[in-house]
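Every heavy atom of this structure was used, including side-chain atoms; hydrogens, water molecules and symmetry mates were not.
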Amino acid sequence: MKKILIVSEGNACRSAMAEGWFSYYSRGSATVKSAGINPKALDMRAAQSMMDAVIDITKHKPKSIDEFKNEEFDIVLVMDKKLTTDIRTTIKHKNLYTYHFNPPLVSDDEKTTLKAYDALRDDIENWAFDFIHEHIKKLF
């Protein structure tokens, strides 16, 4: 079983969503955890967007990467390019991949904001599906 760590800035939105999708698509082929450089409270808009896709992340507790300094991961996924250098030297890993997902844009119009969260959710889902089936569990 592969060990995967997903890292973002706050572990409140993007990496929490990714942990949900990676856990869903790996279905027992990987242990998936997520962490942040500066953990913040779970973004409830992210939780609602994921719930709309039938993935419940409401119990997600944002964690600091410091909690994982003594573990080794098969795969570390960094969701923000500016964090890559720090993660490369902080977390023990066999493979490190960097992707960039911008945080969702929050506007004065709640409907527009929720569409941004849903678009991010869908982008992360597609990434998780492709990554899992390319690196963890081949479809064929």
Side-chain angles (χ1 to χ4, degrees):
M1 182 174 305
K2 301 280 186 186
K3 285 180 67 176
I4 299 173
L5 179 65
I6 304 167
V7 182
S8 67
E9 181 68 36
N11 193 217
C13 179
R14 296 171 294 168
S15 57
M17 288 176 153
E19 181 180 351
W21 284 121
F22 273 79
S23 295
Y24 176 78
Y25 284 118
S26 67
R27 290 197 177 107
S29 296
T31 300
V32 183
K33 298 177 182 179
S34 64
I37 302 296
N38 299 304
K40 296 178 176 39
L42 178 63
D43 183 325
M44 294 315 291
R45 287 182 179 128
Q48 181 60 54
S49 181
M50 291 294 287
M51 189 66 80
D52 291 345
V54 196
I55 303 290
D56 185 359
I57 64 167
T58 58
K59 293 177 178 64
H60 175 78
K61 302 287 186 232
K63 296 167 283 308
S64 169
I65 61 163
D66 294 338
E67 294 180 38
F68 302 106
K69 285 185 176 180
N70 295 322
E71 290 186 50
E72 182 174 351
F73 292 88
D74 296 297
I75 298 169
V76 174
L77 304 168
V78 182
M79 299 186 74
D80 194 327
K81 291 176 188 172
K82 68 182 181 186
L83 305 176
T84 303
T85 303
D86 288 339
I87 299 306
R88 183 169 281 131
T89 59
T90 306
I91 301 295
K92 296 176 204 149
H93 60 278
K94 294 177 183 169
N95 298 289
L96 184 134
Y97 300 89
T98 301
Y99 299 86
H100 191 80
F101 290 92
N102 288 321
L105 293 175
V106 176
S107 76
D108 292 336
D109 177 34
E110 187 65 12
K111 194 173 188 177
T112 301
T113 297
L114 294 176
K115 281 184 181 181
Y117 275 82
D118 290 349
L120 174 64
R121 175 202 65 212
D122 295 346
D123 288 345
I124 292 172
E125 178 186 12
N126 291 333
W127 168 57
F129 179 88
D130 291 344
F131 190 93
I132 289 294
H133 292 109
E134 183 178 335
H135 299 280
I136 307 297
K137 267 171 78 157
K138 305 284 184 196
L139 281 174
F140 304 101

**OP:** Following the transitive rule for hydrophobic clusters with a side-chain heavy-atom cut-off under 4.5 Å over Ile, Leu, Val, Met, Phe, Trp and Tyr, establish whether Tyr97 and Ile6 coincide in one cluster.
**Re:**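 Yes, Tyr97 and Ile6 fall within the same hydrophobic cluster.
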**OP:** Could you state whether Tyr99 and Ile132 fall into the same hydrophobic cluster, counting links through intermediate Ile, Leu, Val, Met, Phe, Trp or Tyr residues with side-chain heavy atoms under 4.5 angstrom apart?
**Re:**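 Yes, because Tyr99 and Ile132 connect within a single hydrophobic cluster, where side-chain heavy atoms sit under 4.5 Å apart.
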Original post:
Do you see a donor-acceptor pair shorter than 3.5 Å between the side chains of Asn102 and His100?
Top reply: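 Looking only at side-chain atoms, His100 and Asn102 do form a donor-acceptor pair, the distance falling under 3.5 Å.
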**OP:** Report yes or no: do Ser15 and Asn11 form a side-chain donor-acceptor pair below 3.5 Å?
**Re:**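 Yes, Asn11 and Ser15 have a side-chain donor paired with an acceptor closer than 3.5 Å.
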Original post:
With Tyr25, which residues qualify under ring pair (Phe, Tyr, Trp, His ring centres under 6.0 Å), at least two apart?
Top reply: Trp21, Phe129
Original post:
Which residues satisfy the ring pair (Phe, Tyr, Trp, His ring centres under 6.0 Å) test with Phe101, sequence neighbours excluded?
Top reply: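 Phe101 satisfies ring pair (Phe, Tyr, Trp, His ring centres under 6.0 Å) with Trp127 only.
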Original post:
Taking the side chain from Ser29 and the backbone from Ser26, do they hold a donor-acceptor pair closer than 3.5 Å?
Top reply: yes
Original post:
Counting only N and O atoms by type, is there a donor-acceptor contact under 3.5 Å from the side chain of Thr113 to the main-chain atoms of Asp109?
Top reply: yes
Subject >> Nearest atoms (heavy-atom pairs only) where Asp74 meets Lys2 >> reply: OD2-CA, 3.2 Å
Subject >> Nearest non-hydrogen partners of Ala46 and Ala12, listed with the distance >> reply: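 Reported closest heavy-atom pair: CB-O, 4.4 Å.
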Subject >> Value rounded to 0.5 Å, distance of CG in Leu77 from CD in Glu19 >> reply: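 Leu77 CG to Glu19 CD: 11.5 Å, rounded to 0.5 Å.
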**OP:** Hey, could you give me the OG1/NZ distance between Thr90 and Lys69, rounded to the nearest 0.5 Å?
**Re:** 5.5 Å
Taking C-beta and beyond as the side chain, do [X] and [Y] meet within less than 4.5 Å on heavy atoms?
| X | Y | answer |
| --- | --- | --- |
| Glu72 | Lys94 | yes |
| Ile124 | Leu120 | yes |
| His93 | Ile75 | no |
| Cys13 | Ser8 | no |
| Phe22 | Ile136 | no |
| Met50 | Arg121 | yes |

Carboxylate-amine/guanidinium proximity below 4.0 Å for [X] and [Y]:
| X | Y | answer |
| --- | --- | --- |
| Glu71 | Lys3 | yes |
| Asp80 | Arg14 | yes |
| Lys115 | Asp118 | no |
| Glu110 | Arg45 | yes |

**OP:** Start with the C-alpha gap between Lys82 and Glu9, add the side-chain angles, then the distance that decides, and say whether side chain to side chain contact (heavy atoms under 4.5 Å, CB included) holds.
**Re:** CA-CA 9 Å; Lys82 68 182 181 186; Glu9 181 68 36; 3.9 Å; yes
**OP:** Count the heavy atoms belonging to other residues, nucleotides or ligands that lie under 6.0 Å from NZ of Lys63, then report whether that count exceeds 12.
**Re:** yes
**OP:** Please write out which residues are connected to Ile91 in a hydrophobic cluster, directly or through intermediates, given that two of Ile, Leu, Val, Met, Phe, Trp, Tyr count as joined at side-chain heavy-atom separations below 4.5 angstrom.
**Re:**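 Traced through the cluster, Ile91 reaches Leu5, Val7, Ile37, Ile65, Phe68, Phe73, Val76, Val78, Leu83, Ile87, Leu96.
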Subject >> Residues clustering with Val54 (ILVMFWY side chains joined when closer than 4.5 Å, directly or via others) >> reply: none
**OP:** With sequence neighbours excluded, tell me which residues meet side-chain contact (heavy atoms from CB on, under 4.5 Å) with Leu42.
**Re:** Ala16, Met44, Ala47, Ile57, His60
**OP:** Kindly confirm or rule out a cation-pi arrangement of Arg27 over Tyr24, judged by NZ or CZ under 6.0 Å from the six-membered ring centre and within 45° of its axis?
**Re:** yes
Subject >> Test side-chain hydrogen bond (donor to acceptor under 3.5 Å, both in side chains) applied to Asp56 - qualifying residues, sequence neighbours left out >> reply: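 Once residues adjacent in sequence are excluded, the partners of Asp56 under the side-chain hydrogen bond (donor to acceptor under 3.5 Å, both in side chains) criterion are Thr58.
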